[in-house]
Amino acid sequence: MSDPKIIVALDYPGAVPALALAHRLSPELCRLKVGKELFTATGPSLLEQLMKRGFEIFLDLKFHDIPNTTAQACKAAASLGVWMVNVHALGGRKMLEAAQLAVSNCAKPPKLIAVTLLTSMNQEDISDLGINATPEQMVLRLAAMAKESGLDGVVCSAMETEILRKQLGNKFCLVTPGIRPPAASLDDQSRVMTPEAALRAGSSYLVIGRPITKAADPLQALIDINMGIRGIA
Ligand code: C5P
């Protein structure tokens, strides 16, 4: 089975446009990310339909709750047959360990990764929470905690990839959004990297939305990006 590096973000309000886009792509070339908006609107039936078409799914629901509730949510996600699921590292070590244990007891464990610090949070927001640390210190600390808790990896900005790869070793999975092919529109992203640069910096998987979903020919856009990273990934 191939291991495509691109995870296409299905940021849609409902099943119809999500399935229409999936219909134009190929599971050999990408995986698909289903987040809170789409999953809340459609529920597991959409996942079943996407998986029936051969796609592996990153269920991006960023669980964050008491350890038992988070563990049960991860177990429920695993029972849906998804490839990857995530939690918030800010839920703390006990929550991360409970989630990891729940997933590892499943028949077909998904990859479990953690969000460290949302990239929407800046220094002012962190200080406002009463936390005395820089965003970088928090990312490094929370990523190390995710690794120590047995998780498979973290979501991180491409800008953080190099230092996390050095600190956390070759096997830790780094999933990076904020990716833009050369010459693509930035949309609302500000600190972006090209697919090639992100993989060279140590990313394991690239989350890419609008450069593919809004392209006139999404399949061609996906093929072009895959061509650009051939031999690196
Ligand atoms: O369209 P675009 O490529 O910007 O989409 C990126 C995807 O990655 C979106 O689903 C967005 O919510 C997600 N994401 C992000 N930045 C983060 C975490 C997630 O852009 N820090």
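Both backbone and side-chain heavy atoms feed into the values below; hydrogens, waters and symmetry mates do not. Please read these numbers as outputs of a predicted model, since none were measured by experiment. Order of listing sets the numbers, starting from 1, for every ligand and every atom in it.
Note: H64 and H88 have tilted aromatic rings, judged against thresholds of 30 and 60 degrees for the angle between ring planes.
Under the 3.5 Å distance criterion, with hydrogens and angles disregarded, a donor-acceptor pair is assigned to the side chains of R165 and S204.
Listed by chain and number, A9, D11, K33, T119, P177, R180, Q189, V207, I208, G209, R210, P211 each place a non-hydrogen atom less than 4.0 angstrom from ligand 1.
Within the 4.5 Å cutoff, no side-chain heavy atoms of F172 are placed close to those of L164.
Cluster annotation: L101 and F63 are assigned to distinct hydrophobic clusters (Ile/Leu/Val/Met/Phe/Trp/Tyr, side-chain heavy-atom contacts under 4.5 Å, transitive).
The CG atom of L80 sits 8.0 Å away from atom CD of E48, with the distance rounded to the nearest 0.5 Å.
Look at D11 and R210 and you find no salt bridge, because none of the NZ, NE, NH1 or NH2 atoms lies under 4.0 Å from a carboxylate O.
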